[in-house]
Structures are given as structure tokens and as C-alpha cells.
Number of protein chains: 2
Amino acid sequence: MLLAKSTENAIQLIIYLIRHADNDYIRVKEIAEQCNISFFILSKIAQKMIKAGILESYTGPNGGIKLVKNPSDIQLIDVVQSIEGTDVLDKCILGFEHCGEMNPCAVHQHWKEAREVILNMFEGKTLKEIIDIDELKEVYSV
Amino acid sequence: MLLAKSTENAIQLIIYLIRHADNDYIRVKEIAEQCNISFFILSKIAQKMIKAGILESYTGPNGGIKLVKNPSDIQLIDVVQSIEGTDVLDKCILGFEHCGEMNPCAVHQHWKEAREVILNMFEGKTLKEIIDIDELKEVYSV
DNA sequence: AACATTTAAGACTTATGATTCCTAAATATA
DNA sequence: TATATTTAGGAATCATAAGTCTTAAATGTT
Ligand code: SF4
Ligand code: SF4
């Protein structure tokens with residue numbers, strides 16, 4: 001499993017937020033219902049992203065959560081790291097101790113290539129680009 | 001984390017086996033010591049790979065485990081699947097229910113590309129190729 | 001001020017994987 | 001046959017992640 005389940009949920013939450021953003025706060029309960037995720041789980045996840053500076057919240061009636069920055073100023077990696085910590089993809093595919101470029105294990109170069117692509121997926125695109133529905137329509141002609 | 005820790009250990013075990021293969025059975029204890037992995041853990045992992053038909057074992061003095069097939073006839077994906085099950089990379093990066101090519105979620109195409117590369121790493125190369133030290137020397141000029 | 005709504009935060013339980021331990025079975029060797 | 005070696009396999013423990021619940025704090029509405 002590449003991503004933890006809570007990170008999957010975090011991405012779903014973000015996608016929902018972007019698609020329903022209209023400068024108002026959106027209730028976590030609404031997102032939980034629409035995305036079919038437990039409210040309790042989602043509110044914990046939201047809290048992590050708030051601490052990471054991705055979301056802000058407002059307590060009370062008409063309250064909820066919303067994005068702090070513009071979707072085009074957030075990378076997917078920011079979301080991933082806000083949940084899983086900053087060293088998700090620093091880790092290697094094997095557990096060898098004294099390794100790396102100078103003393104590579106047998107799969108080093110292969111894993112390096114794959115990680116490059118994964119990183120590119122997480123860093124190369126902003127949330128705006130990733131979530132852009134028109135782009136998807138073009139590709140899949142839906 | 002892409003791979004479970006036990007899968008990391010499985011790959012380490014396989015690498016050791018290939019590099020020390022001389023048609024004899026190799027004791028799990030020896031591998032455990034050399035790879036610095038708990039013997040108990042490694043013997044469980046070995047049992048899984050035996051059930052998957054990758055290794056065979058022999059009980060008693062001079063016993064141990066060895067590869068069933070030639071390293072050039074085994075794909076890395078076989079090792080991974082023997083430990084984690086066959087649907088490791090079938091799963092999607094998100095948890096959406098009704099999705100896929102016809103109804104792609106917002107990151108479908110990006111994850112598809114990355115998964116392609118990972119699969120290629122696991123399926124495209126045989127263990128022989130991956131473990132080949134000369135190939136590594138060439139690339140890293142070690 | 002009283003009440004309803006909504007996030008905040010911690011406690012608690014459950015599920016899953018990692019790790020360790022122990023006994024049995026197989027088999028070579030003396 | 002007795003003994004030492006080595007895998008087989010289950011039981012038990014520990015760690016971490018996932019999921020649930022409960023109470024507190026903030027704040028708009030009446
Ligand atoms: S040599 Fe490279 S692939 Fe191998 S364990 Fe080290 S960092 Fe990972
Ligand atoms: S649409 Fe594609 S990327 Fe999205 S959840 Fe489904 S299979 Fe995964």
C-alpha cells in the first residue's frame with residue numbers, strides 16, 4: 001500500500017472542498033456524508049491538515065472548514081505529508097542500513113526510477129491541475 | 001509505504017539466496033544472521049514463499065531453503081505477491097467505489113502513470129537481472 | 001441569557017501487522 | 001537407536017493504525 005487509508009480520505013476531502021468551494025466554510029459532516037467517510041475519522045484528518053496550514057476552520061453555526069490557499073498554490077505532496085509526515089517517500093523500498101548511491105543494493109536503481117515518477121505525481125502537479133475536470137474530460141472523453 | 005516490512009525482508013532473503021546459491025540448501029538461520037533479520041520472522045516469510053512455489057525446503061541437518069526456479073525465471077512481482085497477496089497493485093490510490101477508466105476520479109490518470117512504472121519495476125525485470133552485480137557496477141561505477 | 005450548531009481534543013476500543021516463543025516433525029550422523 | 005540439527009506451525013505478545021465515543025469550547029440565533 002502506497003498511501004495510508006487516512007491519506008486517501010484526506011485527498012477525497014480536498015477534492016470535495018475544491019469542487020464545492022464558494023468562499024463559505026463547509027461542514028465536516030456534509031463532506032463525511034457525501035464522501036461516505038466516518039465523520040469522526042474525517043474531523044481528525046481535517047485537524048491534521050489545519051495544523052499543517054492547508055485548511056482553516058470556524059467553530060459554531062455556519063462554521064466548517066475551507067482551504068487556506070488557492071488550489072493552484074497547493075501540491076498534492078503537501079496533503080500527503082500533512083497526514084503521513086514529511087518522510088513518506090524518503091524511505092527506501094528495502095530496509096538495508098548502509099546503502100544509497102555510493103553503495104546501492106540490488107534494486108536501488110529500479111526503485112529510484114519508480115520513486116521519481118511517484119514524487120513527480122505528488123509534487124509536479126498542483127491540486128488545481130489534478131482536480132481539473134475539463135482536463136479529465138479531454139483525456140477520457142467522458 | 002509501498003511495501004510491507006515483511007516483503008522487504010523477503011526481497012533481502014531472495015537476494016542473499018541468489019548470491020550464495022551453489023545448489024545446496026542454505027539455513028534460514030545463516031540468512032537471518034547475515035541479513036540481520038530475526039530468525040523467527042524470516043522463517044515465517046520463507047514458509048510463505050515455499051507455499052507460493054518460489055522456494056523449497058529440506059528439514060534436518062544440511063537442510064535449509066533454496067530457490068525452486070532459476071533466478072532468470074522469477075519476477076520480482078512473484079516475490080511481492082507471495083507475501084502480500086495478488087492484489088497489491090490492483091488497488092487504487094484512493095478509496096472511491098465506483099471508479100475506473102469510465103468514471104475516473106480526479107487523480108486517476110496520474111496514479112495510472114505511476115502505477116505503470118511501479119508494475120514495470122516489479123514485472124519487467126527478472127530476479128536475475130535485478131540482482132546482477134555487474135549491471136550495478138556499470139551504472140554506479142562502484 | 002438560553003439554546004442549537006459545529007469544531008477541538010482526548011479517551012477508548014478494535015483490527016491488523018510485527019515480533020517472539022515454544023513444541024512438533026523430519027532427517028542426517030554417530 | 002539416540003542425538004543433534006533444522007524446518008513447520010501454532011500460540012502469545014507487542015506495536016501501530018483505524019475507528020468510535022464523549023465532553024469541552026466557540027459562536028450564531030432567538
Ligand atoms: S541501496 Fe537504494 S534501493 Fe537499496 S536499500 Fe539502499 S536506498 Fe534502498
Ligand atoms: S478513478 Fe482511478 S485513481 Fe480514482 S479511485 Fe478509481 S481507479 Fe483510483
Side-chain angles (χ1 to χ4, degrees), chain A residues 1-13 16-17 24-68 80 82-85 87-88 91 94-95, chain B residues 1-13 16-17 24-68 80 82-85 87-88 91 94-95:
Chain A
M1 277 279 260
L2 180 57
L3 295 179
K5 192 166 188 188
S6 46
T7 309
E8 296 175 356
N9 293 335
I11 297 174
Q12 292 183 333
L13 181 151
Y16 187 92
L17 270 188
D24 277 353
Y25 290 96
I26 298 180
R27 285 177 303 127
V28 174
K29 197 179 176 212
E30 173 189 328
I31 306 171
E33 279 166 1
Q34 294 299 313
C35 293
N36 212 41
I37 303 170
S38 152
F39 165 76
F40 302 108
I41 291 173
L42 214 48
S43 51
K44 279 202 197 317
I45 289 171
Q47 282 174 38
K48 281 192 181 178
M49 287 194 279
I50 289 164
K51 274 174 189 148
I54 296 172
L55 304 180
E56 61 183 326
S57 65
Y58 193 84
T59 311
N62 309 319
I65 57 176
K66 70 175 178 185
L67 289 167
V68 172
V80 173
S82 72
I83 307 296
E84 307 210 8
D87 59 345
V88 208
K91 291 176 206 153
L94 293 182
Chain B
M1 277 281 258
L2 182 58
L3 296 179
K5 191 166 188 188
S6 47
T7 309
E8 296 176 355
N9 292 335
I11 297 174
Q12 292 183 331
L13 180 151
Y16 187 92
L17 269 188
D24 277 352
Y25 290 96
I26 298 180
R27 284 177 305 123
V28 174
K29 198 180 176 210
E30 173 188 328
I31 305 170
E33 279 165 1
Q34 294 300 312
C35 293
N36 211 43
I37 304 169
S38 150
F39 165 76
F40 302 107
I41 291 174
L42 214 48
S43 52
K44 285 205 190 311
I45 289 171
Q47 282 173 39
K48 282 192 181 178
M49 286 194 278
I50 288 164
K51 274 175 190 149
I54 296 172
L55 304 180
E56 62 183 325
S57 65
Y58 192 84
T59 310
N62 308 320
I65 58 178
K66 70 175 178 185
L67 289 168
V68 171
V80 173
S82 72
I83 307 296
E84 307 211 7
D87 58 347
V88 207
K91 290 177 207 153
L94 293 183

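Just so it is clear: chains get the letters A, B, ... in the order the sequence lines come, proteins before strands, and each one is counted from 1.
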Selection from [options] that lies nearest to any side-chain heavy atom of [X]:
{"X": "S57(B)", "options": "dT7(D), dG28(D), dT6(C)", "value": "dT7(D)"}
{"X": "A4(A)", "options": "dA18(D), dT6(D), dC22(C)", "value": "dA18(D)"}
{"X": "K5(A)", "options": "dT6(D), dA8(D), dG19(D)", "value": "dG19(D)"}

From [atom1] ([X]) to [atom2] ([Y]), nearest 0.5 Å:
{"X": "L42(A)", "Y": "K29(A)", "atom1": "CG", "atom2": "NZ", "value": "13.0 Å"}
{"X": "E8(A)", "Y": "I37(A)", "atom1": "CD", "atom2": "CD1", "value": "9.5 Å"}
{"X": "N62(A)", "Y": "R27(A)", "atom1": "CG", "atom2": "CZ", "value": "10.0 Å"}
{"X": "S38(A)", "Y": "I45(A)", "atom1": "OG", "atom2": "CD1", "value": "9.0 Å"}

Quick one: [X] [atom1] to [N] [atom2], roughly how many Å, whole number?
{"X": "Y58(A)", "N": "dT27(D)", "atom1": "OH", "atom2": "P", "value": "5 Å"}
{"X": "I65(A)", "N": "dT5(C)", "atom1": "CD1", "atom2": "C1'", "value": "16 Å"}
{"X": "F40(A)", "N": "dT13(C)", "atom1": "CZ", "atom2": "P", "value": "16 Å"}
{"X": "E56(B)", "N": "dT7(D)", "atom1": "CD", "atom2": "C1'", "value": "13 Å"}
{"X": "N62(A)", "N": "dT27(D)", "atom1": "CG", "atom2": "C1'", "value": "10 Å"}
{"X": "K66(A)", "N": "dT7(C)", "atom1": "NZ", "atom2": "P", "value": "14 Å"}
{"X": "I37(A)", "N": "dT20(D)", "atom1": "CD1", "atom2": "P", "value": "12 Å"}
{"X": "Y25(B)", "N": "dA26(C)", "atom1": "OH", "atom2": "P", "value": "16 Å"}

**OP:** Tell me, please, whether Y25(B) has K66(B) positioned over its six-membered ring: NZ or CZ under 6.0 Å from the ring centre and within 45 degrees of its axis?
**Re:** yes
Original post:
Think S6(B) has a side-chain N or O under 4.0 angstrom from the OP1 or OP2 of dA18(C)?
Top reply: yes
**OP:** May I ask you to verify if any side-chain N or O of N9(A) is less than 4.0 angstrom from the OP1 or OP2 atom of dA18(D)?
**Re:** no
Original post:
In residues 41-53 of chain A, which residues come under 4.0 Å of DNA chain C by heavy atom?
Top reply: K44(A), Q47(A), I50(A)
Original post:
More 5' along DNA chain D: P61(B) or S38(A), using each one's nearest nucleotide?
Top reply: P61(B)
Subject >> Exam field: side chain S43(A) to backbone F39(A), donor-acceptor pair closer than 3.5 Å >> reply: yes
Subject >> Expected output: side-chain E56(A) to main-chain I65(A) donor-acceptor under 3.5 Å >> reply: no
